[in-house]
Amino acid sequence: MIPVRMMRKMVWERSMNKLSRGLSSSQIRKPRSPSLVSLDLIDEWSSTFTRSHSHPIQKSTANNDTARIIDGRSAAEEIKSSIAIEVSRMKESIGKVPGLAVILVGQRRDSLAYVRNKIMACHEVGFRFSIAELPESCTEDAVCDALSNYNKDASIHGILVQLPLPQGREPLFIPCTAKGCIELLLSSDVEIVGKRAVVIGRSNIVGLPTFLLLQCGQCLQRHHATVSIVHAYSENPEIITREADILVAAAGVPNLVRGSWLKPGAVVLDVGINPIEDPESEHGYRLIGDVCFEEAVRIASAVTPVPGGVGPMTVAMLLLNTLEAAKRALCFT
């Protein structure tokens, strides 16, 4: 009899193999990020830490020079347009299209926003989409069962377990957000060779994989950066971040990074997506980042907005991986 833990590992490995089976295409600009270790270092960014480093938000003035906005939506649309062409060609040639499945546990607002964006993106490029919604109280076996069921479905070529999972559950796949960050830097012609980069946050969702990609990722073998990580226990984090030519903020704390944290001319990628109550918004809340945009835009040379920055590129990377997995599974070139 096979132990339950071993069975889970077998299901996970089969799912990873299915997700990662991809062919390169000269028509598609694709990332080449390496495998990453499965390690999650959870930071508790305490209210004491946040208050001790907070200052009133400084509004920008019309006369000040402002940073170039790194438009994640525009870059993602370019990739999605290429994907849509490939999907159309697949449908006409073999009558099949890529399929993406999402497993959603719980009702976190940020996760719901991510999933809505994934559904819209799939419809835009012509993917089949399926979602399994599980309650926050569900067992780990229930998540594994949903993963296994999708793994047996020949029409599904990419399986995504929406992270973060409720506390106490292990992540089941490597996320695309880090890939999205690197692609934004490359597509924006940001020089990385020899530059000093700082990543705020060290989760396995963004912080750790971004750290690894910036430092030694396959797509950056000729673009070596010197990379540091700032976390909730770092002393004087603003001193460290002020040395960064490239700053990636992924702490999950609204407006944590102020203008005083930034080196003049730095490139800032804001991965944070924090729901703030707003009765006038469609869903009753609006999203802001980890970076105080009003201050950063006056100091940085380039900065991603929230929303409309890293998020769209993350979804584009997910679609791209699913397309490549479908092409391999269907022997389509």
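As a basis for the values below, the full set of heavy atoms in this structure was taken, side chains included, without hydrogen atoms, waters or symmetry mates. Residues: numbered from 1 along the sequence shown.
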Indicate the atoms forming the closest heavy-atom contact of [X] with [Y], along with that distance.
X      : Y      : answer
His157 : Ala329 : CD2-CB, 3.8 Å
Leu184 : Ala75  : CD2-CB, 4.2 Å
Tyr150 : Ala132 : OH-N, 3.3 Å

Under 3.5 Å, sequence neighbours excluded: what are the donor-acceptor pairs made by side chains of residues 117-127?
from   : atom 1 : to     : atom 2 : distance (Å)
Asn117 : ND2    : Ala113 : O      : 3.3
Lys118 : NZ     : Gln162 : OE1    : 3.1
Glu124 : OE1    : Lys80  : NZ     : 2.7

In terms of hydrophobic clusters joined by side-chain contacts under 4.5 Å, are [X] and [Y] together?
X      : Y      : answer
Leu269 : Ile229 : yes
Val306 : Val291 : no
Val310 : Ile70  : yes
Leu185 : Ile79  : yes
Ile159 : Leu319 : yes

Non-neighbouring partners of [X] that pass side chain to side chain donor-acceptor pair (under 3.5 Å), sequence neighbours left out:
X      : value
Asp290 : Asn274
Asp71  : none
Ser188 : none
Glu277 : Arg109

* Should Arg89 and Phe332 count as side-chain neighbours, where that means a heavy-atom distance under 4.5 Å? -> yes
* Asked: Under 3.5 Å, is there a donor-acceptor pair linking the side chains of Thr66 and Arg298?
  -> no
* Asked: So, Asp141 and Thr139: side-chain donor and acceptor under 3.5 Å apart, yes or no?
  ->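 Their side chains do not contain a donor-acceptor pair, so the 3.5 Å distance test is not met.
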* Positive for side chain to side chain contact (heavy atoms under 4.5 Å, CB included) with Leu247, one of Val199, Val267, Val303, Ile200 ->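 Result for side chain to side chain contact (heavy atoms under 4.5 Å, CB included) with Leu247: Ile200.
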* Name all residues meeting the side-chain contact (heavy atoms from CB on, under 4.5 Å) criterion together with Ile239; count only those two or more places apart in sequence or in a different chain, and write none if there are none. =>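 With neighbours one apart ignored, the set is Asn236, Arg242.
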As an exercise, state the distance from [atom1] of [X] to [atom2] of [Y], rounded to the nearest 0.5 Å.
X      : Y      : atom1 : atom2 : value
Ser228 : Phe211 : OG    : CZ    : 7.5 Å
Thr322 : Phe129 : OG1   : CZ    : 10.0 Å
Leu320 : Cys176 : CG    : SG    : 9.0 Å
Thr210 : Lys179 : OG1   : NZ    : 12.0 Å
Thr177 : Leu163 : OG1   : CG    : 9.0 Å
Asp153 : Ser148 : CG    : OG    : 11.5 Å

* Asked: Is the backbone of Trp261 close enough, under 3.5 Å, to the side chain of Glu238 for a donor and an acceptor to pair up by distance?
  ->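 Here the side-chain-to-backbone pair does not exist.
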* Asked: Can you list the steps and then say if Val257 with Glu295 is a side chain to side chain contact (heavy atoms under 4.5 Å, CB included)?
  -> CA-CA 9 Å; Val257 179; Glu295 296 177 8; over 6 Å; no
* Structure fact -> For Leu287, the other hydrophobic cluster members (4.5 Å side-chain criterion, sorted by chain and number) are Tyr114, Ile273, Tyr285
* Asked: What residues join Ile276 in its hydrophobic cluster, counting side-chain heavy atom gaps under 4.5 Å, either direct or through other members?
  ->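 Its cluster mates, by chain and number, are Ile288.
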* Pair listing, side chain to side chain donor-acceptor pair (under 3.5 Å) test, anchored in residues 299-316, at least two apart -> none
Residues 96-105 side chain polar contacts: donor-acceptor under 3.5 Å, at least two apart:
none

* salt bridge (charged side-chain N to carboxylate O under 4.0 Å, His left out) involving Arg73 - partner list, sequence neighbours excluded ->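 Scan of Arg73 (salt bridge (charged side-chain N to carboxylate O under 4.0 Å, His left out), adjacent residues dropped) gives none.
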* Structure fact -> Asp278 meets the salt bridge (charged side-chain N to carboxylate O under 4.0 Å, His left out) criterion, sequence neighbours left out, with Arg286
* Asked: Does the side chain to side chain contact (heavy atoms under 4.5 Å, CB included) test come out yes or no for Lys263 and Glu243, once each step is laid out?
  -> CA-CA 6 Å; Lys263 176 181 179 179; Glu243 298 178 354; 6.0 Å; no
* To do: Just do the side chain to side chain contact (heavy atoms under 4.5 Å, CB included) check on Ser260 and Arg258 with the steps written out, would you?
  => CA-CA 5 Å; Ser260 60; Arg258 312 306 296 267; 4.1 Å; yes
* To do: Show your working on side chain to side chain contact (heavy atoms under 4.5 Å, CB included) between Leu262 and Val268 and close with a plain yes or no.
  => CA-CA 9 Å; Leu262 302 178; Val268 180; 3.9 Å; yes
